[in-house]
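What follows is one structure encoded as structure tokens, with my remarks underneath.
All of these numbers come straight from a predicted model, not from anything done at the bench.
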Amino acid sequence: GFPRTLGQAKALDGICQLDLVISLNIPFETLKDRLSARWVHPASGRVYNMDFNPPHVQGVDDVTGEPLVQREDDRPEAVAARLRKYKDAAKPVIELYKSRGILHSFSGTETNKIWPYVYTLLSSRIPPIHPEEEY
């Protein structure tokens with residue numbers, strides 16, 4: 001997500017005025033597990049997740065048959081360190097938007113369970129798009 005730091009939030013203030021900020025609260029272990037299960041095909045950038053989007057053959061890109069790699073920053077110990085650093089940096093950003101009354105937080109572990117709530121919020125704030133034939 002963006003902004004991730006207070007400095008980025010303040011720079012964003014110079015560009016536009018936000019009236020809605022969404023924060024997704026996902027448990028640390030869920031994030032760590034998901035990121036640690038990510039493998040990539042370096043040449044194409046294709047991303048696989050061994051839990052919910054695995055390649056047809058383990059460790060091999062579906063298209064080229066070349067080996068997949070796990071980025072250094074996706075290894076479990078690196079992920080844990082990244083998440084701790086992110087939490088520390090993001091806390092003042094969350095507090096800033098909370099103090100402005102524009103923060104909306106959603107908690108959960110599964111996209112299909114969180115998305116309906118996010119969609120309802122966004123639908124209440126964004127006017128519907130009308131098909132062209134109505135114009």
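In plain terms, the two heavy atoms of Lys32 and Leu83 that are nearest each other are N-CD1, 3.8 Å. Smallest separation of non-hydrogen atoms from Thr111 and Pro116: O-CD, 4.4 Å. Across all non-hydrogen atoms, the minimal contact from Pro42 to Pro67 is CD-O, 4.1 Å. Of all the heavy atoms in Gly108 and Pro27, the pair that sits closest is O-CD, 3.4 Å.
Between the Asp62 side chain and the His56 main chain, a donor and an acceptor come within less than 3.5 Å of each other. Judged by distance alone, with hydrogens and angles left aside, the side-chain atoms of Ser124 form a donor-acceptor pair with the main-chain N or O of Leu121 at under 3.5 Å.
How far CG of Asn53 is from CZ of Arg46: 11.5 Å, rounded to the nearest 0.5 Å. Between the CG atom in Leu35 and the CD atom in Gln70 there is a gap of 10.0 Å [rounded to 0.5 Å]. Taking CG of Leu122 as the reference point, atom NE2 of His104 lies at 9.5 Å (rounded to 0.5 Å). Separating the CG atom in Leu18 from the CG atom in Leu96 is a distance of 9.0 Å, to the nearest 0.5 Å. The distance from atom NZ of Lys10 to atom OG1 of Thr5, rounded to the nearest 0.5 Å, is 10.5 Å. Atom NZ of Lys87 and atom CG of Leu31 lie 11.0 Å apart (nearest 0.5 Å).
Residues Val21 and Val93 form no side-chain contact, since every pair of their non-hydrogen atoms from C-beta on lies 4.5 Å or further apart. Side-chain contact check for Tyr97 versus Ser105: every heavy-atom pair is 4.5 Å or farther apart.
Counting non-hydrogen atoms of neighbouring residues, nucleotides and ligands closer than 6.0 angstrom, the CD atom of Glu77 exceeds 12 such neighbours. Heavy atoms of other residues, nucleotides or ligands lying less than 6.0 angstrom from CZ of Arg4 number 12 at most. Around OH of Tyr117, the count of heavy atoms belonging to other residues, nucleotides or ligands within 6.0 Å does not exceed 12. Shown here is Phe2, whose CZ atom has more than 12 heavy atoms of other residues, nucleotides or ligands within 6.0 Å.
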I would like to know whether Ile114 and Ile26 meet side-chain contact (heavy atoms from CB on, under 4.5 Å); could you show each step before the answer?
-> CA-CA 10 Å; Ile114 298 174; Ile26 313 299; 3.7 Å; yes
Residue pair Leu68, Met50: steps toward the side-chain contact (heavy atoms from CB on, under 4.5 Å) verdict | CA-CA 11 Å; Leu68 300 175; Met50 297 308 155; 4.2 Å; yes
Residue pair Val118, Leu24: steps toward the side-chain contact (heavy atoms from CB on, under 4.5 Å) verdict | CA-CA 9 Å; Val118 173; Leu24 300 177; 4.3 Å; yes
Could you go step by step and tell me if His41 and Val63 meet the side-chain contact (heavy atoms from CB on, under 4.5 Å) rule?
-> CA-CA 10 Å; His41 177 248; Val63 177; over 6 Å; no
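With hydrophobic clusters built from ILVMFWY side chains whose heavy atoms lie under 4.5 angstrom apart, Val79 shares a cluster with Phe28. Hydrophobic clustering (side-chain heavy atoms under 4.5 Å, transitive across Ile, Leu, Val, Met, Phe, Trp, Tyr) keeps Leu103 apart from Ile126.
Every residue two or more places apart in sequence or in another chain that forms a salt bridge (charged side-chain N to carboxylate O under 4.0 Å, His left out) with Lys113 is listed here: Glu110.
We find that Asp74 and Arg82 are joined by a salt bridge, their nearest charged nitrogen and carboxylate oxygen being less than 4.0 Å apart.
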